[in-house]
Amino acid sequence: FKELQVTRHNFRSLLIREIEDAFSNVPRPAKDRLVPHRCWECDALFKDIADRSWKDWRAVGMWGGQAHALLSPVAFRYFLPAFLIYELRIRSRKKSRLHSLCHALISPNKTKWRKRYKPPPPGSRARGLSRLQLKATISVLQFLRDPQWPEGVPYAVDRALAELNRRLR
């Protein structure tokens with residue numbers, strides 16, 4: 001059993017390295033393109049991440065589901081490695097955080113958007129990912145699809161994997 005834990009830890013480290021390699025050259029979006037509109041939630045998020053890099057995964061990842069929905073598609077793609085690394089390192093077993101990340105990859109959660117805000121088109125957050133970035137994201141989601149979730153695997157993980165694999169073809 002101890003060998004299995006060491007192996008999972010090593011594999012997690014390899015996945016983090018794969019993410020870092022895949023996203024190393026992603027340009028940082030201009031500050032005015034981080035959030036799609038002005039509201040108190042977006043302003044609070046903007047204030048916290050305006051000067052941060054995706055490499056500051058702990059601070060960015062703490063925003064979790066809120067950031068997934070509030071970031072512009074360009075900013076979401078820039079901060080995606082931080083969210084993935086946060087899930088790999090922290091793995092708080094919060095199903096809602098992983099569900100939110102997967103849902104944001106393939107389409108916005110329209111119930112969270114007010115009528116006056118126009119949500120990004122479905123799948124637009126993943127549309128700009130390179131093949132290398134898609135492969136790294138798929139590898140992480142497959143690893144996180146661990147059947148040890150107390151309530152079962154979040155259904156959004158399977159949906160995101162299917163969509164990302166379709167884009168990879």
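Positions are given from 1, in the same order as the sequence printed here.
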Report task. Nearest 0.5 Å please: distance from the CZ atom of Arg52 over to the CZ atom of Phe79. Result -> 9.0 Å
Query raised in the report: Would you say Arg131's side chain and Leu168's backbone share a donor-acceptor pair under 3.5 angstrom?
Result: yes
Query raised in the report: Yes or no on side chain to side chain contact (heavy atoms under 4.5 Å, CB included) for Val157 and Leu144, after CA distance, side-chain angles and deciding distance?
Result: CA-CA 8 Å; Val157 175; Leu144 293 174; 5.9 Å; no
Query raised in the report: How many angstroms lie between CD1 in Ile49 and OH in Tyr78, if you round to the nearest 0.5 Å?
Result: 9.5 Å
Query - Single-linkage hydrophobic cluster, 4.5 Å side-chain cutoff, Ile16 and Leu132 together - result: no
Query raised in the report: Is the closest basic N to carboxylate O distance between Arg167 and Glu163 below 4.0 Å?
Result: yes
Query raised in the report: Which heavy atom in Ala75 sits nearest to a heavy atom in Pro29, and how many Å separate them?
Result: CA-CG, 3.9 Å
Query raised in the report: How many angstroms lie between CD1 in Ile138 and CG in Asn165, if you round to the nearest 0.5 Å?
Result: 4.0 Å
Query raised in the report: Any side-chain heavy-atom pair from Leu129 and Phe23 closer than 4.5 angstrom?
Result: yes
Query raised in the report: Around Arg28, counting heavy atoms of other residues, nucleotides and ligands shown, do more than 12 lie under 6.0 Å from its CZ?
Result: yes
**Report entry** Atom of Pro36, atom of Leu71 and distance for their closest heavy-atom approach
**Finding:** CD-C, 4.0 Å
**Report entry** From Trp54 atom CH2 to Ser24 atom OG, the distance as rounded to the nearest 0.5 Å
**Finding:** 7.0 Å
Query raised in the report: Between Tyr86 and Leu101, is any pair of side-chain heavy atoms under 4.5 Å apart?
Result: no
Query raised in the report: Which value, rounded to the nearest 0.5 Å, describes the distance between Leu34 atom CG and Leu70 atom CG?
Result: 12.0 Å
Query raised in the report: Are any of the side-chain heavy atoms of Leu105 and Phe76 separated by less than 4.5 Å?
Result: yes
Query raised in the report: Can you check whether Ile85 reaches Lys55 side chain to side chain, under 4.5 Å on heavy atoms?
Result: no
Report task. Would you give the length of the straight line joining atom CD of Glu18 to atom OG1 of Thr137, rounded to the nearest 0.5 angstrom? Result -> 8.5 Å
Report summary line: side chain to side chain contact (heavy atoms under 4.5 Å, CB included) with Ile19: of Leu14, Leu80, Leu88, only one passes, and it is Leu88
